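Input: a single structure, listed below in structure tokens.
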There are 2 protein chains.
Amino acid sequence: MTRETAAAPTSPTSTHRAAPEHVHPRDVPLETALAALSDSVRLTLVRELAASEDWERTCGSFDVPVRKAALSHHFAVLRSAGLIEQRDQGAKRINRLRKQEFDEHFPGLLDLVLRQR
Amino acid sequence: MTRETAAAPTSPTSTHRAAPEHVHPRDVPLETALAALSDSVRLTLVRELAASEDWERTCGSFDVPVRKAALSHHFAVLRSAGLIEQRDQGAKRINRLRKQEFDEHFPGLLDLVLRQR
DNA sequence: CTACGTGTTCGCCTCACGTCGAACATCTTT
DNA sequence: AAAGATGTTCGACGTGAGGCGAACACGTAG
């Protein structure tokens, strides 16, 4: 399913690839949301993401002082907190800040985090 | 200093007692504030405190599933996060939620926490 | 003075978290 | 096909957080 009808190779949305498990902000306990945002590396990720056009960035495009393994882990945490959504595009993984949905369930939190400092 | 002029034994604000070190919300990093609130026990403390008249309660008056030692630790965390202020009154220690000051520096955060669930 | 109540501090234990390198899987480029 | 780029997963490691009981300190009640 989600099959391209015509030959429009717009987005090579990957094929044999483990789709990341997403959690909707609705199902995220407040503690989890707060914990996800209480780490400076993740805070940076969220902020850079928010500062980007359409809130999108590939995993490797962030300016954080940790290696790939740790980065990957942080993204998993953000996913579990309903803060980001990940979509594969070829070899790259695109991260999107779920601003609207997150705001609906934790009004003001993201704005606070983005405004602060 | 802070000497009662007349004989008005209103508040026995203690004498030889280690005054708890307080941190003003102004000097609290966002990460610290979020981390302090990302624990369910502390969340309970803050909520019960907020639900109390004048936001005050003695340490032992909270309904949390931990022993004295752990409780004491949690209060220290809340203090370091600028969330509470502690004042000694005789043998008891009174906790006050620093709503206003905290709100000034982390607008919306406490309200979110108090509203949620 | 002695006994009790209220909290804090001190070890100690356990578990979760953040980090890394190495190996692996996928997709892209050549 | 071979090499490179992009991420994830797997152990391992160090650190810190949260929990407890015991001991201590201070104030209160008898």
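The analysis underlying the following values was restricted to heavy atoms, covering all of them including side chains, and did not include hydrogens, waters or symmetry mates. Since the structure is predicted, the reported quantities are computational estimates derived from the model, not experimental observations. Chain letters run A, B, ... following the sequence lines, proteins first and then strands; every chain starts at 1.
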What is the distance, rounded to the nearest whole Å, between atom CZ of B/Arg87 and atom C1' of C/dT6? 16 Å

5'-most contact on DNA chain C: B/Cys59 or A/Val66, nearest heavy atom basis? B/Cys59

If you compare all heavy atoms of A/Phe106 against all heavy atoms of A/Val28, which two are closest, and at what distance to 0.1 Å? CZ-O, 3.3 Å

Between D/dT8 (C1') and A/Asn95 (CG): distance, integer Å: 13 Å

Please give, in whole Å, the distance from D/dA25 P to B/Asp88 CG? 17 Å

Given D/dT6, D/dC20, C/dT6, identify the nucleotide with an atom nearest to the side chain of B/Ala69. D/dC20

Shortest side-chain distance from A/Ser72, nucleotide among C/dT28, D/dT9, D/dC20: D/dT9

Against the side chain of B/His74, the closest entry in D/dG21, D/dG19, D/dT9 is D/dG19

More than 12 foreign heavy atoms under 6.0 Å from CZ of A/Arg115: is that the case here? yes

On DNA chain D, more 5' by nearest nucleotide between A/Ala91 and A/Ala70 is A/Ala91

Nearest whole Å is fine: how far is C/dC17 P from A/Leu78 CG? 14 Å

Distance in angstrom units between A/Phe75 CZ and D/dG7 P, rounded: 8 Å

Please report the distance, rounded to the nearest Å, between CD in A/Glu31 and C1' in C/dA16. 16 Å

So does A/Arg93 get a side-chain nitrogen or oxygen closer than 4.0 Å to the phosphate oxygens (OP1/OP2) of C/dC27? no

Is the backbone of A/Gln86 close enough, under 3.5 Å, to the side chain of A/His22 for a donor and an acceptor to pair up by distance? yes

Check this one for me: any side-chain N or O of B/His73 less than 4.0 Å away from OP1 or OP2 of C/dG7? no

Is a donor from one side chain sitting under 3.5 angstrom from an acceptor on the other, for A/His105 and A/Arg26? no

Between atom CD1 in B/Ile94 and atom P in D/dC26, what is the gap in whole Å? 19 Å

Need one value for B/Lys68: base, sugar-phosphate or nothing, where a base atom within 4.0 Å counts as base even if backbone is also close, heavy atoms only. base

Measure the CZ-CD1 distance between B/Arg87 and B/Ile94 for me, rounded to the nearest 0.5 Å. 5.0 Å

Picking from D/dG21, C/dG18, D/dG19, the nucleotide nearest the side-chain atoms of B/Arg67 would be D/dG21

Assign each of A/Val77 and A/Lys92 the nucleotide of DNA chain C bearing its closest heavy atom; nearer the 5' end lies the nucleotide of A/Val77

Ignoring the backbone of B/Val41, work out which of C/dG18, D/dT6, D/dG19 is nearest its side chain. D/dG19

A/Thr58 side chain near D/dA5 phosphate (N/O to OP1/OP2, under 4.0 Å): no

Rounded interatomic separation in angstrom, taking CG from A/Leu71 and C1' from C/dC20: 13 Å

